[in-house]
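Notes follow the structure.
Computation of the quantities below employed the complete heavy-atom set of this structure, encompassing side-chain atoms and omitting hydrogens, waters and symmetry-equivalent molecules.
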Amino acid sequence: MEQKKILIITYYWPPAGGPGVQRWLKFAKYLPDFGWKPIIYTPENPSYPLLDETLMKDVPENIEMVRTKIWEPYQLAEKLNKSNKKFKAGQFDVGKNQSWKSRLSIWVRGNFFIPDARVFWVKPSITFLEKYLKENKIDTIVTSGPPHSLHLIGLGLKNNIPDLKWIADFRDPWTEISYYKHLKLTKGSDQKHRQLESAVFKNADITLATSYTDAENFRKAGANAVCITNGFDESDSDGKVKGQNSEDQFTLSYIGVLEQLRNPENLWKALDELVKENAEFAVDFTLKFVGRIDDKILQSIENSSLKNHIQNLGYLAHGKAVEEMQNSDLLLITNFPNESSKGIIPGKIFEYLASGKQILSFGPDKADVAKILEETQAGKHFSYQDTETVKKFILEKFILWKNGNLLENTQHIEQFSRKNLTRQLTEIL
């Protein structure tokens, strides 16, 4: 039987690194197993904040790729202020760390590039794809954001081809994401963001959310929303040994990008106190970073008693990062502290789950992450106000590790495998 075609419009695709690329890379990997042929539309000359060539191994053999050129203003932003390189990854300085150049750059980014700096790709893509879809008899598309400009491509195509089936996939929310309120928007700019978001919600046939709370919020805003979380790919950890870390250090690891808005200062305080108060802990403890850690966060930790306990490996290829999860005893995950972010489920939590290691999570109360950790018994979720309870949790795990009893736990995680999630997607299609 001939496979049905689906065009996936995504900014992030290998060799891009980081979590943004993996959702639709993994869907594309498994869609053919369920009778769908994925076709990828992506920029010819993107400006990626991270590169990871090893993700190329997951690109399906002979997959059809369609590319057109994009113009992005990031080079201009970086000339104005070197720290603007963070913009490409959705990061920027906040609070006392903001210089006047940072404040100006953030204002320009929020008010001149709506919804984001990839907006210049929208009109050329609509013109190109309208013809391409008709010529290739494709009646189903997916737009994946952020960047949310890609949803405007879907909106334009849906307006021009009303019978087109359009799925708008929100890997993160648009106006409800934590950094939105930091964009220094004028009243008019805020209104434009919200009008565009509303038009996407009301015109997409299905809006996909990556968390239960986001799906509920999208439905309240007029979307036909369904939740399909991110997940883990069992093939990523094939052959890797699970169980207690065999190294002679009790290792707490953070894997990924850590920005100022998700900085668990209470954790650093708890660890600092443990190192000072507990001689055994001080001898055996290592704090490991794998990925891009904001330099100001790193500088603050290095000015504490934790200085000699830090192992900063920088960004590693995805496969190596998974190995570092296995070589850890506790895995750290952080979310934005405000209540509106309780629906964010960082993608790496699922690989954390697959590793069998205990997870230490920070974020708002009643977060979706807390629900997953409780269901899988894979760790504990804390608020950014907790310090003593965090110390107690870490000390309990340290004592178990010291006695050789810190064992793996992989209960009830099959639902989050990439293949099972792709099956859910095809049922919706």
Side-chain angles (χ1 to χ4, degrees), residues 237 240-259 262-334 346 348-349 351-362 373 378-382 384 386-409:
S237 56
K240 295 182 176 68
V241 178
K242 293 182 180 178
Q244 179 157 329
N245 175 17
S246 61
E247 297 182 6
D248 61 357
Q249 288 283 289
F250 177 70
T251 304
L252 167 61
S253 295
Y254 183 89
I255 317 287
V257 176
L258 184 58
E259 59 195 320
R262 296 185 293 111
N263 180 21
E265 293 179 348
N266 59 325
L267 172 62
W268 314 138
K269 182 175 185 286
L271 292 171
D272 181 62
E273 291 176 4
L274 281 170
V275 165
K276 289 175 180 175
E277 297 166 2
N278 190 308
E280 274 193 311
F281 187 86
V283 169
D284 292 331
F285 176 66
T286 293
L287 175 61
K288 184 189 295 180
F289 293 114
V290 179
R292 179 182 290 171
I293 309 303
D294 186 276
D295 53 358
K296 299 210 170 47
I297 296 176
L298 203 55
Q299 185 179 4
S300 172
I301 299 172
E302 287 175 343
N303 288 333
S304 73
S305 300
L306 299 174
K307 179 178 181 178
N308 296 323
H309 299 266
I310 298 171
Q311 189 179 358
N312 186 12
L313 302 183
Y315 183 81
L316 296 180
H318 181 247
K320 291 289 185 184
V322 172
E323 285 183 22
E324 291 301 334
M325 293 179 198
Q326 296 292 345
N327 293 330
S328 303
D329 301 293
L330 277 179
L331 295 169
L332 170 63
I333 196 164
T334 67
K348 64 173 164 279
I349 192 174
E351 290 178 325
Y352 280 11
L353 289 174
S355 76
K357 307 296 177 163
Q358 282 284 293
I359 299 167
L360 177 60
S361 169
F362 289 91
L373 291 180
K380 195 160 184 181
H381 181 76
F382 298 92
Y384 284 96
D386 289 323
T387 299
E388 288 305 315
T389 50
V390 171
K391 279 175 68 176
K392 184 180 176 183
F393 176 82
I394 294 171
L395 201 53
E396 284 174 356
K397 301 306 174 187
F398 173 69
I399 292 168
L400 287 171
W401 172 85
K402 196 77 175 170
N403 295 326
N405 295 323
L406 189 60
L407 303 177
E408 69 169 40
N409 178 63

Would a distance-only check, ignoring hydrogens and angles, find a side-chain to backbone donor-acceptor pair under 3.5 Å from [X] to [Y]?
{"X": "N403", "Y": "N405", "answer": "no"}
{"X": "S304", "Y": "I301", "answer": "yes"}
{"X": "K269", "Y": "T387", "answer": "no"}
{"X": "T334", "Y": "R262", "answer": "yes"}
{"X": "D386", "Y": "T389", "answer": "no"}
{"X": "R292", "Y": "E259", "answer": "no"}

**Study point:** Distance-only donor-acceptor check, side chains E323 and H318, under 3.5 Å
**Key:** no
Mind checking the [atom1]-[atom2] spacing from [X] to [Y]? Nearest 0.5 Å is all I need.
{"X": "L313", "Y": "S253", "atom1": "CG", "atom2": "OG", "value": "8.0 Å"}
{"X": "D272", "Y": "K307", "atom1": "CG", "atom2": "NZ", "value": "13.5 Å"}
{"X": "Y254", "Y": "I297", "atom1": "OH", "atom2": "CD1", "value": "8.5 Å"}
{"X": "F250", "Y": "T286", "atom1": "CZ", "atom2": "OG1", "value": "10.5 Å"}
{"X": "S305", "Y": "W268", "atom1": "OG", "atom2": "CH2", "value": "14.5 Å"}

Check whether any side-chain heavy atom of [X] lies under 4.5 Å from a side-chain heavy atom of [Y], and answer yes or no.
{"X": "Q326", "Y": "K357", "value": "yes"}
{"X": "F289", "Y": "I255", "value": "no"}
{"X": "E351", "Y": "V322", "value": "yes"}
{"X": "L331", "Y": "S355", "value": "yes"}
{"X": "L258", "Y": "D294", "value": "no"}
{"X": "T251", "Y": "L330", "value": "no"}

Point to revise | Candidates L287, N308, V283, L306 - the one meeting side chain to side chain contact (heavy atoms under 4.5 Å, CB included) with V275 | key: L306
Revision key, fill the gap. From the list I394, L252, L274, D329, side chain to side chain contact (heavy atoms under 4.5 Å, CB included) partner of F285 resolves to L252
Nearest heavy atoms of [X] and [Y], plus distance in Å:
{"X": "G379", "Y": "Q358", "answer": "CA-OE1, 3.6 Å"}
{"X": "I293", "Y": "G256", "answer": "CD1-O, 4.1 Å"}
{"X": "K348", "Y": "L332", "answer": "CE-O, 4.3 Å"}

Exercise for review: Please identify each residue that fulfils side chain to side chain contact (heavy atoms under 4.5 Å, CB included) with E396, with sequence neighbours left out.
Suggested key: K392
Check your understanding: Between F362 and Y384, what is the ring plane arrangement, given parallel below 30°, perpendicular above 60°, and tilted in between?
Key -> tilted
Check your understanding: Can you list the steps and then say if I333 with L360 is a side chain to side chain contact (heavy atoms under 4.5 Å, CB included)?
Key -> CA-CA 6 Å; I333 196 164; L360 177 60; over 6 Å; no
Exercise for review: Mind checking ring-ring contact (aromatic ring centres under 6.0 Å, His included) for F393 and listing every partner two or more places apart, or none if nothing turns up?
Suggested key: F382
Review point. Salt bridge between K402 and D284, side-chain N to carboxylate O under 4.0 Å?
Key: yes
Practice item. Would you mind telling me which of Q249, H309, E324 makes a side chain to side chain donor-acceptor pair (under 3.5 Å) with K288? Key: E324
